[in-house]
Amino acid sequence: MGISDVQGTIGTPESLPGAPINNWEYTGSFTKITGKHTLKAGASLMRTWVLDNCTYASASFDSLGTNNPQNPATTGSGLASFLLGVPSAATDLRGTALLGMQSDYYGAYLDDTWKATPKLTVTLDARYEYASPFIDGQGRFGSLDYHASTPTNTVWGVAGNVNTSQLLVPLANSPGVTINRVSPGFFNPDRDNWSPRVALAYRLPHDAVIRTGYGIFYDFNQSNVQDTGDIMGQWPFGFPDFTPPDLTTPTATNPVPQHILGVNVFPSFVPTPVPVANPGFAANRVNQRPYVQDWNFGIDKSFGNNWLISATYLGSKGTNLVITPTINIAPTPGPGNPQLRAALPQFAPFETTADWGNSNYEAGELKIQKRFSQGLTFLTSYTYSHCLDYQSAAHGSAQAGEGIQNGLQFWNDYASCDFDVPQNFVNSYVYDLPFGAGQRFASGSGWVSKYLLGGWQTTGILSLHSGFPFNLAVPFDNANTGSGTLGSVERPSLVGQLLPSGFQQNVQHWFNASAVAAIPFTYGNLGRNVLRQDGVQNFDFGLFKHTQLTESKELEFRAEVFNLFNTPFFQPPDPNISDLTFGQVLGAGNPRFIQFGLKLIF
């Protein structure tokens, strides 16, 4: 429950809890060494069981239910409306979204590590994997088939193993509606999941090694679970019930509204004999398994016994990745009712979980490492990289303004990933101070050297990296296509320079807010993730003291300072073009934290 003048929410914005994902796995492996070959073979059988439930209910309370109609701006209280049980909006799902699902995974591999020469080692690996679509024991899967539906005929898919006792309405064809019983798993199985992998290591003179490799890796359980999000709680098992937003507003037919939470907020539930016009989601039954191709090439060089320097190129390409565009929208912006211009005008816009995504990541990494000697060890690394994708997380991400702008042309959102960090430098170290018994300084055996001067250690982590990208957002359907709803976010159009020459970036003006505008009946021409928030400059410091009290007892003192120099790390600015604070930074990351600890080890 949300209350306008109370920070946070009451309860949790989650669905009813399900159970953890349980995996029962049986594996076996075999290893045979013959000559220069080490052969390995194995197989795995896993059954996954998931209890999921997206049944939900929520209510919002603001001043609407308790204000003075003659002075609504300065009267009323969301807290008072809550105490009276008078919501201004509420949402409920009738029926059930409970699913008890299981899936079977089969995998087998054959691996050969070949010592071709004293300097060259080659590893060849081939594996096959298959995971069946999840099956609900009661067959409570249902979804609009938007591929087969037409404006005059709705095709609705239902799992073929449906238990009729779970139905809220009987299944029967009716004028304009065709019921299609599909396989119990609902989604078409994808059995083409071969994963070749190869790796080479070649030892050069002077303690240097070249390493390279390539492999294909599939995702199974996670994509299975994401697919089921579009088919749970749907007609004829569940019915989203959105009550009107003016619950407490008097009307001609209801001059004295009395919608009290728990009493009469939600009207009597009468299941409709045909699919609802606002399903919210529709399944893409032909999804294929997401997979990534990874490759790398690197050179390692040792200097003496303690130093290692490595340079590595890394690459990764994702294919069939999950994205969640809003579809069934008007194909072009323009005036008029957008629903009438959609492919299926009998339905409101809806999301689909589709395998249409791709990604690309390339990076160069330089690493210098000193192994522990003379009381010191450290690791320094620098990475220069770029990541591109259509959408970085299904159903959006934590980044401001994230969401595919036009679901019918999602490829236009191919841009820097939400988590793209072009430059990243990290240095970490551990140093034993050279004081006390057995050390370089104050090495006497007295109690001062043993208990006061000896046993001190310092640690530190220095992090310097670029800021994450973010979007600018138009918080309404500016294109008038039905987009800008559900998980999609429209963007403004560029009419000037966001960061003109000489522009002084600060928390009040992170960019030139006048450089963008919402031009009616257009999708914004501003690209996705074209701006970046503040970068990170952070140093964490630790000071430790180890004191050996007796042979079996040790006392450890810890003092740790996070963000030692209290360097501000600004959050993304307000991306909403309609806000008065548009372009202003309204928050920052954690300030300096100091913590102490004392531990007795025995």
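Everything numeric here is computed off the predicted structure, so don't read it as measured data. FYI, side chains are in, hydrogens and waters are out, and symmetry mates aren't considered; it's all heavy atoms of this structure.
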statement: The reported gap from OG in S183 to CG in N188 (rounded to nearest 0.5 angstrom) is 6.5 Å
field: Partner set under side chain to side chain donor-acceptor pair (under 3.5 Å) for N360, not counting sequence neighbours
entry: none
message: As an exercise, state the distance from CD of E25 to CZ of R47, rounded to the nearest 0.5 Å.
response: 13.5 Å
- prompt: Is there a side-chain contact between P290 and L321 (heavy atoms, below 4.5 Å)?
  reply: yes
task: Could you check if a side-chain atom of V322 sits within less than 4.5 angstrom of a side-chain atom of N287, using non-hydrogen atoms only?
output: no
F419 side, atom CZ; N529 side, atom CG - distance, nearest 0.5 Å: 10.5 Å
query: Heavy-atom distance under 4.5 Å between the side chains of S385 and N424, does that happen here?
result: no
task: Heavy atoms only: give me the nearest L110-A41 pair and the separation to one decimal.
output: CD1-CB, 4.0 Å
query: Between D420 and R532, does at least one N-O distance fall below 4.0 Å, as a salt bridge requires?
result: yes
task: Answer whether the closest heavy-atom distance between the side chains of L586 and Q571 falls below 4.5 Å.
output: no
- prompt: Residues in side-chain contact (heavy atoms from CB on, under 4.5 Å) with A108, at least two apart?
  reply: A43
query: Is Y146 close to N284 at the side-chain level, that is, under 4.5 Å between some pair of heavy atoms?
result: yes
- request: With sequence neighbours excluded, give me every salt bridge (charged side-chain N to carboxylate O under 4.0 Å, His left out) pair touching residues 519-531.
  value: D389-R528, E402-R528, D418-R528
statement: Note: V158 and I179 closest approach over all heavy atoms is CG2-CG2, 4.3 Å
message: Any heavy-atom pair between the side chains of R127 and R197 that's under 4.5 Å?
response: yes
query: Rounded to the nearest 0.5 Å, how far does CZ of R191 lie from OH of Y128?
result: 7.0 Å
- prompt: Side chains of T48 and N23: donor-acceptor distance under 3.5 Å anywhere?
  reply: yes
query: If you look at every heavy atom in D192 and D190, which pair is closest and at what distance?
result: N-OD1, 3.2 Å
field: Distance-minimising heavy-atom pair for E351 and T326
entry: CG-OG1, 3.7 Å
task: Would you check if I323 and I404 make a side-chain contact, meaning some heavy-atom pair closer than 4.5 Å?
output: yes
statement: Taken to the nearest 0.5 Å, the spacing of M101 CE from L98 CG works out to 9.5 Å
task: Please name all residues satisfying salt bridge (Lys or Arg N to Asp or Glu O under 4.0 Å) with D477, sequence neighbours left out, ordered by chain then number.
output: none
message: Among residues at least two apart in sequence or on other chains, which ones pass side-chain contact (heavy atoms from CB on, under 4.5 Å) with S143?
response: F186, I231, A282, A283
message: Does the plane of the ring in W156 sit parallel, tilted or perpendicular to the ring in W235? Use 30° and 60° as the thresholds.
response: perpendicular
field: Separation of D294 CG from L314 CG (nearest 0.5 Å)
entry: 9.0 Å
- prompt: Is R491 close to L472 at the side-chain level, that is, under 4.5 Å between some pair of heavy atoms?
  reply: no
- prompt: Of all residues at least two apart in sequence or in a different chain, which pass the side chain to side chain donor-acceptor pair (under 3.5 Å) check with T228?
  reply: none
message: Between W356 and Y390, is the ring centroid distance below 6.0 Å?
response: no
message: Regarding S195 and Y291, do their side chains bring together a donor and an acceptor under 3.5 Å, going by distance alone?
response: no
query: Considering all heavy atoms of both residues, which atom of P151 and which atom of A343 are nearest to each other, and what is their separation?
result: CG-O, 3.5 Å
statement: Closest heavy-atom pair, P338 versus A330, reported as atoms and distance to 0.1 Å, is O-CB, 3.8 Å
query: Mind checking whether W295 and Y214 have parallel, tilted or perpendicular rings, split at 30° and 60°?
result: parallel
